[in-house]
Protein chains: 2
Amino acid sequence: MEHLDTALDESCIIEEGSTSTGRMGRRSYDDTKEHKSKNLHAERRRRQKLSDRLLKLRALVPRITNMNKATIIEDAITYIQELQKNVKILQEQLCELEVEASSEVGEINPASKVKVEAAEEMKKSGIQVEVEVTQIDRDKLWVKVIFEKKRGGFTTLMEAMSAFGFEFINTNVTTSKGAMLVSSCVKGIYGEKLAVQQTRELLLQIINGVDQSNSEYC
Amino acid sequence: MEHLDTALDESCIIEEGSTSTGRMGRRSYDDTKEHKSKNLHAERRRRQKLSDRLLKLRALVPRITNMNKATIIEDAITYIQELQKNVKILQEQLCELEVEASSEVGEINPASKVKVEAAEEMKKSGIQVEVEVTQIDRDKLWVKVIFEKKRGGFTTLMEAMSAFGFEFINTNVTTSKGAMLVSSCVKGIYGEKLAVQQTRELLLQIINGVDQSNSEYC
DNA sequence: ATTGACACGTGAAGC
DNA sequence: TGCTTCACGTGTCAA
């Protein structure tokens with residue numbers, strides 16, 4: 001803003017003062033050709049680059065009302081908003097269905113004995129359910145989870161976290177004495193800043209959903 | 001502030017206009033001031049509008065590498081691509097779960113486009129299916145497997161190997177570019193001596209079984 | 001001093 | 001004919 005004012009002001013002054021020399025600089029051709037031609041080329045490239053980007057953007061947006069620059073960006077904005085809304089809705093629907101599916105599986109799955117066994121063995125060994133979330137970057141988290149070893153428990157955890165927009169950089173799973181330890185480096189799939197506490201609660205809910213198939217974690 | 005700018009600008013233009021009539025020496029009609037000033041205002045509005053749109057766009061994109069115009073649009077492009085991919089994946093997962101819920105219980109592994117996508121992406125990245133087995137002790141093997149990332153693929157692998165009498169000391173799973181790398185240290189559950197080549201063939205069979213789940217469309 | 005990015009004013013082209 | 005949009009060359013600032 002200050003740049004704008006200053007620039008305007010200065011250009012104005014220059015215009016005033018240098019009107020005699022002329023803005024086009026008719027007399028100094030060599031000077032203009034030297035140090036302005038570079039700027040000219042650079043500016044040309046910059047414009048072309050920006051135009052290309054705009055073209056790509058236009059190619060990505062399905063609904064375009066007009067070919068204008070501003071309208072292209074506007075359509076892109078509305079499209080992004082639509083996409084974000086869609087993702088949100090889809091995540092919710094997916095979560096609902098997952099809860100239903102997990103509850104059904106929990107009823108039918110004959111692995112309940114395994115789970116009970118695992119829980120007993122885990123308890124006997126003094127291993128506690130544990131969730132630990134540490135921020136290691138702006139959009140990366142390190143996650144450590146200990147819970148009762150159960151058929152499909154790992155898969156459920158992975159899928160639930162994927163549904164909530166996490167991307168797995170690396171995952172390590174170890175099972176011992178009826179417990180399952182999952183330590184993972186995850187990344188927000190949109191590059192958004194991740195909330196540690198929120199993620200922790202989410203994980204707890206997921207684990208509870210894994211342990212007792214009737215709870216909902218939406 | 002805009003008024004200020006405009007005022008400054010206009011005064012400047014007036015200065016320039018008055019001088020330009022004599023400077024250019026061209027056909028300086030009387031409407032030069034009028035026409036130019038109108039075009040100037042319009043152009044100014046256009047630029048400001050475009051800048052505002054760009055600002056809004058920047059506000060919508062979560063991850064911005066740079067404040068440049070071109071990079072803003074570029075980031076918006078990548079963001080849109082991510083969103084599109086996410087919507088696609090979420091829709092497929094949702095579709096999967098719906099099929100799973102509607103179909104009979106007990107049937108697992110509904111194949112979907114996710115696998116095909118993963119296979120394509122994996123192929124495109126030049127990643128090959130790979131199985132490596134190394135003996136690290138009398139009854140311990142180190143196993144490395146690369147195969148197409150697929151829903152439940154890891155679980156299937158684990159369960160199949162468990163069924164064949166392997167105990168998992170430690171397992172590491174990494175997914176990237178449509179491929180899944182599982183490297184694991186396993187132990188014969190009875191302390192038997194393990195045959196490397198036999199284990200390798202077993203793993204290959206398991207992986208083929210994972211891949212072999214047939215396609216169902218939604 | 002050099003480079004990249006920006007806003008500016010202006011001429012030209014399309015409705 | 002006017003109005004709008006675009007690309008251009010340029011001056012200026014910051015790194």
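Quick caveat: nothing in here was measured; it's all calculated off a predicted structure. So that the names make sense, note that chain A is the first sequence line, chain B the second, and so on, each numbered from 1.
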Whole-Å distance, A:I73 CD1 to D:dT5 P, equals 13 Å
Whole Å only: how far is the CE atom of A:M67 from the C1' atom of C:dG14?
-> 14 Å
To the nearest Å, give me how far apart CG (A:N68) and C1' (C:dC15) are.
-> 12 Å
Can you tell me how far P of C:dA5 sits from NE2 of A:H41, to the nearest Å?
-> 17 Å
Confirm from the modelled atom types if A:E43 and C:dC6 form a donor-acceptor pair under 3.5 Å, side chain to base only.
-> yes
With a 4.0 Å heavy-atom cut-off, tell me which residues in residues 46-63 of chain A come close to DNA chain D, sorted by residue number.
-> A:R47
Checking C:dC6, D:dC3, D:dA7 against the side chain of B:K38 (C-beta onward), the nearest is D:dC3
Between the CG atom in A:L40 and the CD atom in A:E43, the distance rounded to the nearest 0.5 Å is 8.5 Å
Residue-phosphate contact under 4.0 Å: B:R44 side-chain N/O, C:dA7 OP1/OP2 | no
Sole residue of A:N172, A:T174, A:V173, A:T171 in side-chain contact (heavy atoms from CB on, under 4.5 Å) with A:S183 = A:N172
note: B:L40, atom CG; D:dC8, atom C1'; distance rounded to Å ~ 16 Å
Heavy atoms only: give me the nearest A:Q128-A:I146 pair and the separation to one decimal.
-> O-CG2, 3.5 Å
Ion pair present between B:E82 and B:K85, side-chain N to carboxylate O less than 4.0 angstrom?
-> no
With sequence neighbours left out, write down each residue that passes side-chain hydrogen bond (donor to acceptor under 3.5 Å, both in side chains) with A:K56, or none if nothing qualifies.
-> none
Phosphate-side-chain proximity, A:N39 and D:dT10, N/O vs OP1/OP2 below 4.0 Å | no
Exercise: identify the closest heavy-atom pair between A:K69 and A:L54 | CG-CD2, 3.3 Å
